[in-house]
Amino acid sequence: MKTRHTGFALALAISLPLAALAIAADAAPAIATKPTASANVKPAAADAQRVIPLQGAWNVRTFAGLQGRQGPIPAGAFVRTADLGRLTDADRDALAAVGVKLDIDLRTADEEAQSPDLLASDDRFDYQRISLMGTEKMDLQKMMASFPDSLGEAYVQWLGHSQPQFKQVFQRIAAQQDGAVLFHCTAGKDRTGIIAGLLLDLAGVPKAEIVHNYAISAHYLEGQPKDSAMNAQIMALVKQNPEIGRKMAGMAGTAPDNMEQFLAALHSQYGGAEGYLKSIGVSEQEIQQLKARLGQAG
């Protein structure tokens, strides 16, 4: 595992929305780099049933119908999404209508301040913010000090250095007795994708389906707005140091290799999601509550 400074830099990097990373890439001059798998994976017909169409949020999906060891995951178990700072009144009504009761915000305090979660002030929803990567501050220049070779490598590192935060997230989910649990970050692909990957692995969803569920996020995030204050900071930073644009472009997308690398390490190092949760202190009772929510009790 790399240094804590590296982990801090990675945490900041994945707080950026996909649109921001695209801006950085567009602003930077062409620099010869080794090719990466950047083409978006297109959703399959079965993915459409899991999409919750909202006006002010992107990549809003359930796990409905994904097959676990004991059967399909219920539609009302989980909702994953990107930033919720642009929700309309109708969007909030729609999330309440599908049964969302708990909103877990995986972002830093800085991110929340720039784009407040609009479910937090709605009495129909319980809200808890848990910065999955541990840091609460954002420093765009500092975050460029160290980068991994891939997002997949970053995801593997977080399994080690963010264990207290992972434990808190999964214990909070296990404690929720009713309704759907919504979880989100800013881009809705990295922190959100890791939590989704762990949940799906715990349910026994086949590896290929977990990878696909991750990889289609870039497709659903294509319409994310590019007019945030953070994006303006990125443009200024790239003008000062064009190399930053190239580095940040490497953090974009949801190439299948990223999740494949994450799952390979999860199983080789911990024996899978259940082994990982046990290793970080999630109790057997809490794991059974998680499995029950996923429709995999017994």
Side-chain angles (χ1 to χ4, degrees), residues 7 11-12 14-15 17 52 54 56-63 73-74 76-87 91-138 155 158-159 161-200 202-203 273 276-277 280-283 285-294:
L12 293 173
I14 58 145
S15 69
I52 301 174
L54 300 182
W58 286 260
N59 200 25
V60 187
R61 296 185 277 136
T62 73
F63 296 151
I73 298 176
F78 291 98
V79 175
R80 56 169 296 169
T81 181
D83 173 52
L84 299 181
R86 296 172 181 262
L87 292 177
D91 290 338
R92 293 196 297 273
D93 290 344
L95 290 172
V98 299
V100 172
K101 295 292 187 182
L102 171 64
D103 169 15
I104 298 180
D105 184 344
L106 303 170
R107 302 175 302 161
T108 65
D110 276 3
E111 289 172 276
E112 196 280 333
Q114 286 195 7
S115 180
D117 186 318
L118 295 182
L119 296 188
S121 58
D122 191 318
D123 291 340
R124 293 173 292 181
F125 309 95
D126 290 329
Y127 171 80
Q128 183 167 359
R129 190 180 61 78
I130 303 169
S131 178
L132 188 61
M133 298 301 110
T135 184
E136 297 290 2
K137 294 290 184 182
M138 295 192 63
Y155 299 165
W158 296 325
L159 285 174
H161 70 58
S162 293
Q163 292 184 359
Q165 291 77 31
F166 278 95
K167 178 181 178 180
Q168 188 178 2
V169 168
F170 282 95
Q171 287 184 323
R172 181 63 186 91
I173 294 172
Q176 183 65 27
Q177 297 297 310
D178 63 341
V181 174
L182 178 151
F183 56 97
H184 78 93
C185 53
T186 292
K189 72 183 186 75
D190 298 306
R191 288 164 291 186
T192 300
I194 294 169
I195 296 299
L198 286 165
L199 287 167
L200 295 178
L202 181 65
Y276 178 70
L277 294 178
I280 64 175
V282 179
S283 71
Q285 180 180 354
E286 289 166 332
I287 290 172
Q288 293 307 313
Q289 289 169 331
L290 292 166
K291 287 183 176 180
R293 172 171 284 279
L294 288 161

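Here the structure is a predicted model, which means the values were calculated and not measured. As a basis for the values below, the full set of heavy atoms in this structure was taken, side chains included, without hydrogen atoms, waters or symmetry mates.
One distance of note links CG of Asp126 with CG of Asp123; it measures 10.0 Å at 0.5 Å rounding. To the nearest 0.5 Å, atoms CD (Gln171) and CD1 (Ile280) are separated by 8.0 Å. Separation of atoms CG (Asp83) and CZ (Arg107) is listed at 5.0 Å; rounding is to 0.5 Å. Interatomic distance, Ser131 OG to Gln168 CD, rounded to the nearest 0.5 Å: 10.0 Å. How far CZ of Phe183 is from CG of Leu106: 7.5 Å, rounded to the nearest 0.5 Å.
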### Message
If you apply the rule salt bridge (charged side-chain N to carboxylate O under 4.0 Å, His left out), what do you find for Asp91 with Arg86, and how did you get there?
### Response
CA-CA 9 Å; Asp91 290 338; Arg86 296 172 181 262; over 6 Å; no
#### Entry: Criterion side chain to side chain contact (heavy atoms under 4.5 Å, CB included) on Ile52 and Thr62, from CA distance to verdict
CA-CA 8 Å; Ile52 301 174; Thr62 73; 3.8 Å; yes
#### Entry: side chain to side chain contact (heavy atoms under 4.5 Å, CB included) assessment of Leu198 paired with Phe170
CA-CA 10 Å; Leu198 286 165; Phe170 282 95; 3.7 Å; yes
### Task
Decide yes or no on side chain to side chain contact (heavy atoms under 4.5 Å, CB included) for Leu277 and Phe166, but give the supporting numbers first.
CA-CA 8 Å; Leu277 294 178; Phe166 278 95; over 6 Å; no
### Query
Can Ile104 and Ile195 be said to form a side chain to side chain contact (heavy atoms under 4.5 Å, CB included), step by step?
CA-CA 11 Å; Ile104 298 180; Ile195 296 299; over 6 Å; no
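Between Arg129 and Asp117 the shortest side-chain heavy-atom distance does not fall below 4.5 Å. Side-chain contact between Thr186 and Arg191 is present, with heavy atoms from C-beta onward closer than 4.5 Å. In this structure, the side chains of Asp103 and Leu182 come closer than 4.5 Å at one or more pairs of heavy atoms. Using a 4.5 Å heavy-atom threshold, the side chains of Tyr127 and Leu119 count as separate. In this structure, the side chains of Lys291 and Gln288 come closer than 4.5 Å at one or more pairs of heavy atoms. For the pair Arg92 and Arg124, the minimum side-chain heavy-atom distance is below 4.5 Å. Under the 4.5 Å side-chain criterion, counting only non-hydrogen atoms from C-beta, Leu95 is in contact with Leu54.
Of all heavy-atom pairs spanning Leu290 and Ala174, the tightest one is CD2-N, 3.8 Å. Here the closest heavy-atom approach between residue Leu118 and residue Gly85 is recorded as CD1-O, 3.5 Å. Ala187 and Ala82 make their closest contact through O-CB, 3.5 Å (heavy atoms, listed as atom of the first residue, atom of the second, distance). Nearest heavy-atom pair across Lys189 and Thr192 is N-CB, 4.2 Å.
Scored by the ring-ring contact (aromatic ring centres under 6.0 Å, His included) test, Phe63 finds Phe78 as partners (sequence neighbours excluded). Under the ring-ring contact (aromatic ring centres under 6.0 Å, His included) criterion, Phe125 pairs with no residue at all, not counting sequence neighbours. Listed by chain and number, the residues in a side chain to side chain donor-acceptor pair (under 3.5 Å) with Gln165 amount to none (sequence neighbours excluded).
No donor-acceptor pair closer than 3.5 Å links the side chain of Arg172 to the backbone N or O of Ile130. Looking at Arg80, its side chain does come within 3.5 Å of a backbone N or O of Gly188 through a donor-acceptor pair. In this structure, the side chain of Arg293 engages the main chain of Ala77 through a donor-acceptor pair within 3.5 Å. Between the Gln163 side chain and the Leu159 main chain, a donor and an acceptor come within less than 3.5 Å of each other. Put simply, the side chain of Thr81 never gets that close to the backbone of His184: no donor and acceptor are under 3.5 Å apart.
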